Amino acid sequence: MTPITSSTPLPKPFHAMAKPSGSDCNLDCAYCFYLEKEALYPAERKRRMQDDVLAAYVRNTIASHPAGSEVAFTWQGGEPTLLGLDFYRRAVALQQRFRAGRSVSNSFQTNGLLLDDAWCAFFAENDFLLGLSLDGPADIHDAYRVTTGGQPTHALVMRALEKLQAHGVRHNVLACVNRRSSAEPLRVYEFLRARGVRHIQFIPVVERLPGAADSAIGLTLHGPGGKVLAQALPVSSGGLTEWSVLPAAYGNFLNAIFDAWVRRDVGDIHVMNFEWALANFMDEPGAACHHQPTCGRAVAVEHNGDVYACDHYVYPAYRLGNISTTSLAQMIESPAQHAFGQDKLSSLPGQCRKCKMLKGCWGGCPKHRFTTTQDGEPGLNYLCEGYYGFFGHVAPYLRTMADLLRAGRSASDITSAVVLRAGTAR
């Protein structure tokens, strides 16, 4: 590996997401975008991070952070529990061996099927933050989240949630919003709320069909007052899957949940989509790169140590190097990665640059920018209508919350103001 010396400039804060099982998973979710990545490594029947790669990953990641800083490790997949519990015991031991005065944290995203008391005890003892994939009630969750044998998984995931809670493991729920679930926002939200979930992230499912001929999706995007934002949506690599959420439906989904949340749950339930939006309204850096002006600070590390520009850009053209031969600091600060991150801003179409919601949305994830503006300019985000509707709807509330926080009060104080306003309106 290219050594990191005292003269090597260390990168600004960055995030490396490890995929120790590559694309391997014990589920066959219809909407998963990562299962196809097995094609990157066709000679490998089973993709597993070996111990020498694990050691290189831990050592390289820690060395790429300044002394005294926090080093955040994230384990994802595929399904990371396929590596077995002993793999993560070795990972934690390596972190302690190489941390050299730095603090270390771990987060772990899982479908939950293999979680038992031993896993949860380990997570609690080592203060892992668990992200559990759960789309809502059984009929919604099981519509797309099934085992490789086609069996439903909801009961197994609920068992995992109960074990996490019983062991006091810090956790959140990652709920994918597809075309079906988008029609029942309050049912999804109330289900999670009633099960004691206090941290939630809603992830839009947007997947294009591979290999289809060029086509235009028959949708019309509307802005305020019915203004047409875009008429035809050319898709360079084909149409959308039937489970992809429709743009307006995603915005309506978030708005319905926000209206319930702001009247009752501020400060008690943390919906990351709302917290990211509030951070943008307060001109503070948010945690979500898709709603920041630029990106490129979150790379993906495959099971063999290959590093890619982003979790959504694990393709040969976006490979930055390998952790066994090149420092993460050099890869993060490479001209190619800088260009990748800056392109998120520089490629914004004119319609976005003039949009009133730009500082909330920032054009969304580049992966979803495959539609055209009303003027025919490429690069408009497929979810534009939904984002516009969401940020426009929540803006007055977020401004009030921002004012409360700046005045040293709690953001939850907005609840009484909203309830009072609603009572006056009646």
Side-chain angles (χ1 to χ4, degrees), residues 16-50 53-54 57 73-88 91 106-116 119-120 122-123 128-136 138 140-161 163-164 171-178 181 201 203-210 241 243-244 300-306 308 310-315 367:
M17 179 185 295
K19 295 178 175 288
S21 62
S23 60
D24 288 355
C25 189
N26 50 359
L27 292 192
D28 190 18
C29 301
Y31 54 64
C32 181
F33 72 93
Y34 211 79
L35 291 177
E36 67 178 25
K37 303 306 177 185
E38 66 180 3
L40 286 172
Y41 306 99
E44 300 182 37
R45 187 182 64 84
K46 184 180 290 188
R47 285 151 285 275
R48 299 290 184 271
M49 182 176 282
Q50 300 302 306
V53 179
L54 172 63
Y57 169 60
F73 286 87
T74 298
W75 310 93
Q76 202 189 52
E79 173 50 42
T81 57
L82 295 179
L83 273 291
L85 187 49
D86 283 344
F87 175 86
Y88 298 99
N106 286 277
S107 59
F108 194 100
Q109 184 174 335
T110 177
N111 59 40
L113 266 63
L114 298 181
L115 296 191
D116 57 16
W119 275 101
C120 292
F122 169 81
F123 291 142
F128 274 54
L129 172 63
L130 263 288
L132 182 67
S133 295
L134 173 60
D135 290 352
I140 290 176
H141 178 93
D142 288 337
Y144 298 113
R145 297 191 66 81
V146 296
T147 67
T148 52
Q151 297 301 306
T153 62
H154 188 264
L156 296 173
V157 179
M158 293 307 298
R159 182 192 67 180
L161 176 62
K163 287 189 176 295
L164 291 171
H171 63 279
N172 55 50
V173 159
L174 308 172
C176 288
V177 183
N178 53 61
S181 63
Q201 178 182 341
I203 305 170
V205 174
V206 179
E207 291 300 323
R208 289 185 280 175
L209 295 169
T241 59
W243 47 79
S244 292
V301 183
E302 256 288 345
H303 71 288
N304 66 345
D306 285 345
Y308 293 87
C310 169
D311 180 36
H312 290 289
Y313 285 84
V314 178
Y315 302 104
K367 181 189 179 185

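As a basis for the values below, the full set of heavy atoms in this structure was taken, side chains included, without hydrogen atoms, waters or symmetry mates. Position 1 is the first residue of the sequence, and the numbers go up from there. Nothing here was measured: the structure is a model prediction, and the numbers come from that model.
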Quiz item: Donor-acceptor pair, Thr148 side chain versus Asp28 backbone, under 3.5 Å?
Solution: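 It does not hold such a pair.
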How many angstroms lie between atom [atom1] of [X] and atom [atom2] of [Y], to the nearest 0.5 angstrom?
{"X": "Ser23", "Y": "Glu302", "atom1": "OG", "atom2": "CD", "result": "6.5 Å"}
{"X": "Leu82", "Y": "His303", "atom1": "CG", "atom2": "NE2", "result": "13.0 Å"}
{"X": "Ser133", "Y": "Leu174", "atom1": "OG", "atom2": "CG", "result": "5.0 Å"}
{"X": "Asn172", "Y": "Leu132", "atom1": "CG", "atom2": "CG", "result": "8.5 Å"}
{"X": "Met17", "Y": "Gln76", "atom1": "CE", "atom2": "CD", "result": "4.0 Å"}
{"X": "Thr241", "Y": "Arg208", "atom1": "OG1", "atom2": "CZ", "result": "11.0 Å"}

Quiz item: Do Trp119 and Phe128 make the cut of ring centroids closer than 6.0 angstrom?
Solution: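 No, the ring centres sit 6.0 Å or more apart.
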Quiz item: Can the ring centres of Phe123 and Tyr88 be said to be less than 6.0 Å apart?
Solution: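 Distance test on ring centres: not under 6.0 Å, no.
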For a 4.5 angstrom cut-off between non-hydrogen side-chain atoms, does [X] reach [Y]?
{"X": "Val205", "Y": "Tyr144", "result": "no"}
{"X": "His171", "Y": "Leu161", "result": "yes"}
{"X": "His141", "Y": "Leu134", "result": "yes"}
{"X": "His154", "Y": "Ile140", "result": "no"}
{"X": "Val157", "Y": "Arg145", "result": "no"}
{"X": "Val206", "Y": "Lys367", "result": "no"}
{"X": "Pro20", "Y": "Leu83", "result": "yes"}
{"X": "Glu79", "Y": "Leu27", "result": "no"}

Quiz item: How far apart are the C-alpha atoms of Arg159 and Leu115, what are their side-chain angles, what is the distance that settles it, and do they pass the side-chain contact (heavy atoms from CB on, under 4.5 Å) test?
Solution: CA-CA 9 Å; Arg159 182 192 67 180; Leu115 296 191; over 6 Å; no
Kindly give the heavy-atom pair with the smallest separation between [X] and [Y], and that separation in Å.
{"X": "Ser181", "Y": "Val177", "value": "OG-CA, 3.5 Å"}
{"X": "Gly305", "Y": "Val53", "value": "N-CG1, 3.7 Å"}
{"X": "Ser107", "Y": "Thr74", "value": "OG-OG1, 3.0 Å"}
{"X": "Val301", "Y": "Ala16", "value": "CG2-CB, 4.2 Å"}
{"X": "Ser21", "Y": "Gly77", "value": "OG-CA, 4.3 Å"}
{"X": "Val314", "Y": "Asp311", "value": "CG2-O, 3.5 Å"}

Exercise. Using the side chain to side chain donor-acceptor pair (under 3.5 Å) rule, pick out the option among Thr147, Thr81, Thr153, Asn26 that qualifies with Asn111.
Key: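 The residue from Thr147, Thr81, Thr153, Asn26 that satisfies side chain to side chain donor-acceptor pair (under 3.5 Å) with Asn111 turns out to be Asn26.
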Quiz prompt | Whether Trp75 and Phe73 hold their rings parallel, tilted or perpendicular, with breakpoints at 30° and 60° | solution =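 The rings of Trp75 and Phe73 lie parallel, inter-plane angle below 30°.
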Practice problem: Would you sort out whether Asp24 and Arg48 count as a side-chain contact (heavy atoms from CB on, under 4.5 Å), showing the intermediate values? | Solution: CA-CA 9 Å; Asp24 288 355; Arg48 299 290 184 271; 2.9 Å; yes
